[in-house]
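I have placed the structure first, in the form of structure tokens, so that the comments after it can refer back to it.
Everything quoted here is computed from the prediction, not taken from an experiment.
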Amino acid sequence: MMSDYETADSERFEEIIQRSVRQILLAPDPDRFLDWARDHLPEMLGLAATPLDDVERRRLANLLAAAIWNATPQPTQAFQPQPMVPHPADAPCPCGSGSRYRDCCGAIEDLPELSTDLVWEILLDELPEHGLREALSLDAVPKPLLARIADRWLEEDRPKRAVALLEPLFSDRLDVLGEALEPAVDILCDAYDRLDHWRKKQRFLERICTEGARPLQAAAWQRRCTMAIDEGDHRRADAAFTAALRSDPDNAGTAILEITLLAAQHKDWIARERARVWLHRFRRIGFDHPGVIHFLTRASDDPQNALVDSHSDVLDPRILELHDWCTLIQTRSFPDYRLTPLGASGAARPPGQLALFDDPAGAIPITHPDEATDAQAGHAAIPMQLSTPASISRLERTWQAVFPTGKPHSTHLTPAGDAAPWADQDWLAYLFGHPQLADSLEALDDLATALYVHPESALPWISHVLLRPLLERAWSILDRVLPPDTPYQIPWSSPRNRPALRLLFRLYLCQVEEGESEDAARTLETLLRLNPQDNHGVRAELMNHYLRDGEDELALALARRFPNDALADLAYGEVLALYRLGRQDRARLVLTTAVHRLPRIPQYLTRKRIKRPRLGPGGLTPGGDDQAWMYREAMRDVWEAEPGILAWLRRLTA
């Protein structure tokens, strides 16, 4: 008999139990409940489409109703189940068949049974607040289900009650607690977070990791791994993941965590392989949780999108809609932007733009005969400004009227003040109705700005599946009008060029975040080619990239373009490149100039240990200790790897 309703899908079965529990709470009388069940359960079970006759349908409904009644905790009986009194053997069967009970339902040996804990899960959602308080006062709720109540209280912004409910679960020995309390570990940590009890949460997790049973240790290590991922500390996250895996090798949560950790580090190809390994392992041990298997199956193809899908129930629905829009625009062809000449007045530095050169006109002086050709070549390009196609310009005028946030100031990536573009729905509605806005660099720039200020933008997979496609589309649009061999520049001094340059800089940041150092370097080179005045200061990162990769000639060529630069990376990077190329006489001369401009750097490079200076909130002080410290943090390992150079530097600057 069980097979007749076990084949129903889980959602339908849960709905049957839910409606039955509501009926029992409304009228806690077994006879009335059986009458209700015989009238309603056959339809809810979908038995009309089966070959069963009316008597068989009522019999099935009667047996299922009895099983539900017998498993349901009764509020009127101190929340204890009150099984039905056995039916007299010679009395008419309650199913309505007309036969004696012993010849009908009483003759069935394998009667259906339900777990009381299963019914409790549904009952907790149906009980009013006073009923819930009564059940808790009677200590009637199964301990593993207290986490569901605490979770409800968190949703109602009552974290103190959640903490008071869950802390006693972990007050005694932890090594005897089973895996059923894993959810309670996470929810108690959520409650601590809500109350800003950071130290208390840390002590709790440390105690679980030290004293808990293996399943709880795995849950605690998983939590610590997630915390490290959120903080961007991938080394600590790796260690916590390894401990979680050691605690419970077949834990489904650990499987999902590994994919999350790898995706956060943008090791997508490893994440795909590990998803396949986990799928094989779970199939071998007979674990078939549909949600976990679906996630791993998706992750074996695209881990980043799998993570977005798995978080869809907690993500901002507007983020999901924007994800769909990004998928839609991928099939669009690229627009043809044009270039128009930029007059001499357009090349002047506008108010508020950072002065990155000693020469106010931006001219590059020649300081060494070997450097003349490269330096002068930097000025051979023709300054232009981007011109939007007419059809897109018309669209942009409406877009600029509905998008609620202005452009970021100067080279910043977010608007000043408390910009809240997501508080307004009009621009989203206009965007979703106009996929052709994907052809607008202005709109792509605004979308990138909106994503930067969204609270969920810190999730690495959100950046990958939403921001990255927008930036790569901008790159493709620019590459059509400004290919590598173009003689044109698009200087920052023209406001029309700024969205494109800002998008390129954002693409560089994404590439760095995702560990694509070679692509990031190519993007920096493109930025410097298109905007030689380098308003974003990317020359420092490019110099360090060249030096890390041993590209000393490229490092020298870059330094020649920015002589007497105030950035430590350029000034001292040139010294390092010359030394490694064996040109120590020239290196000594360049070092003399660098020390004159930035005297604190050698001390911070040559000392094995040095106290970190106070870092001011207003940015680095040129020539100050804070600048020297930041350069040490970025590049001392590269200097230290070159034999003899630190001793040479110490001797020359003593």
Side-chain angles (χ1 to χ4, degrees), residues 1-89 91-132 134-135 140-142 145 148 152 290:
M1 297 297 294
M2 286 287 288
S3 61
D4 288 327
Y5 64 84
E6 280 182 336
T7 55
D9 66 271
S10 59
E11 290 184 1
R12 175 187 293 180
F13 188 58
E14 184 176 338
E15 182 185 0
I16 288 170
I17 299 177
Q18 184 181 56
R19 290 182 60 179
S20 298
V21 167
R22 288 176 184 171
Q23 184 63 27
I24 292 171
L25 292 176
L26 183 65
D29 176 84
D31 293 330
R32 289 182 60 182
F33 176 64
L34 288 177
D35 289 340
W36 174 87
R38 285 190 290 269
D39 290 339
H40 294 86
L41 290 191
E43 179 183 354
M44 295 169 63
L45 287 166
L47 300 181
T50 66
L52 299 176
D53 59 30
D54 289 342
V55 172
E56 290 172 320
R57 293 171 189 166
R58 288 196 300 271
R59 179 182 300 165
L60 182 59
N62 191 75
L63 290 171
L64 178 56
I68 294 172
W69 175 274
N70 290 341
T72 300
Q74 302 283 342
T76 57
Q77 302 294 327
F79 290 93
Q80 297 301 312
Q82 296 297 310
M84 292 182 177
V85 177
H87 202 75
C93 188
C95 73
S97 66
S99 302
R100 291 181 299 181
Y101 177 70
R102 67 181 180 185
D103 298 326
C104 189
C105 293
I108 300 173
E109 295 181 358
D110 296 327
L111 293 175
E113 292 184 3
L114 288 178
S115 163
T116 297
D117 285 356
L118 174 64
V119 180
W120 258 115
E121 289 188 41
I122 294 173
L123 180 62
L124 288 177
D125 293 331
E126 299 299 324
L127 284 175
E129 184 67 20
H130 66 85
L132 190 59
E134 183 181 356
V141 182
L145 297 182
R148 289 176 65 95
R152 180 200 297 185

**Study point:** Non-hydrogen side-chain atoms of Asp125 and Val21 separated by less than 4.5 Å
**Key:** no
The reported gap from CG in Leu63 to CG in Leu34 (rounded to nearest 0.5 angstrom) is 10.0 Å
Rounding to 0.5 Å, atoms CD1 (Ile16) and NE2 (His40) come to a distance of 12.5 Å
TODO: Evaluate the side-chain proximity of Trp120 to Ser115: yes if any heavy-atom separation is below 4.5 Å, no if none is.
DONE: no
d(Arg148 CZ, Glu121 CD) to nearest 0.5 Å is 5.0 Å
Quiz item: Taking side chain as C-beta onward, heavy atoms only, is Leu60 less than 4.5 Å from Pro42?
Solution: no
For Pro73 and Thr116, the nearest pair of non-hydrogen atoms, with its separation, is CG-CG2, 3.9 Å
Value for CG (Leu127) from CD1 (Ile122), rounded to nearest 0.5 Å, stands at 12.0 Å
Value for CG (Leu25) from CG (Leu123), rounded to nearest 0.5 Å, stands at 6.0 Å
* Backbone N/O of Glu126 and side chain of Arg22: donor-acceptor pair under 3.5 Å -> no
What one should report as the nearest heavy-atom pair of Ala37 and Ala61 is O-CB, 3.8 Å
Identify every side-chain donor-acceptor pair in residues 75-83 under 3.5 Å, counting partners at least two apart or on other chains, and give the distances.
none

**Item:** Contact check, side chains of Ser20 and Trp69, non-hydrogen atoms, under 4.5 Å
**Value:** no
- Task: Kindly say whether Met84 contributes a backbone atom to a donor-acceptor pair with the side chain of Asn70 at under 3.5 angstrom?
- Result: yes
Rounded to the nearest 0.5 Å, the CG atom of Leu118 sits from the CD1 atom of Ile17 at a distance of 4.5 Å
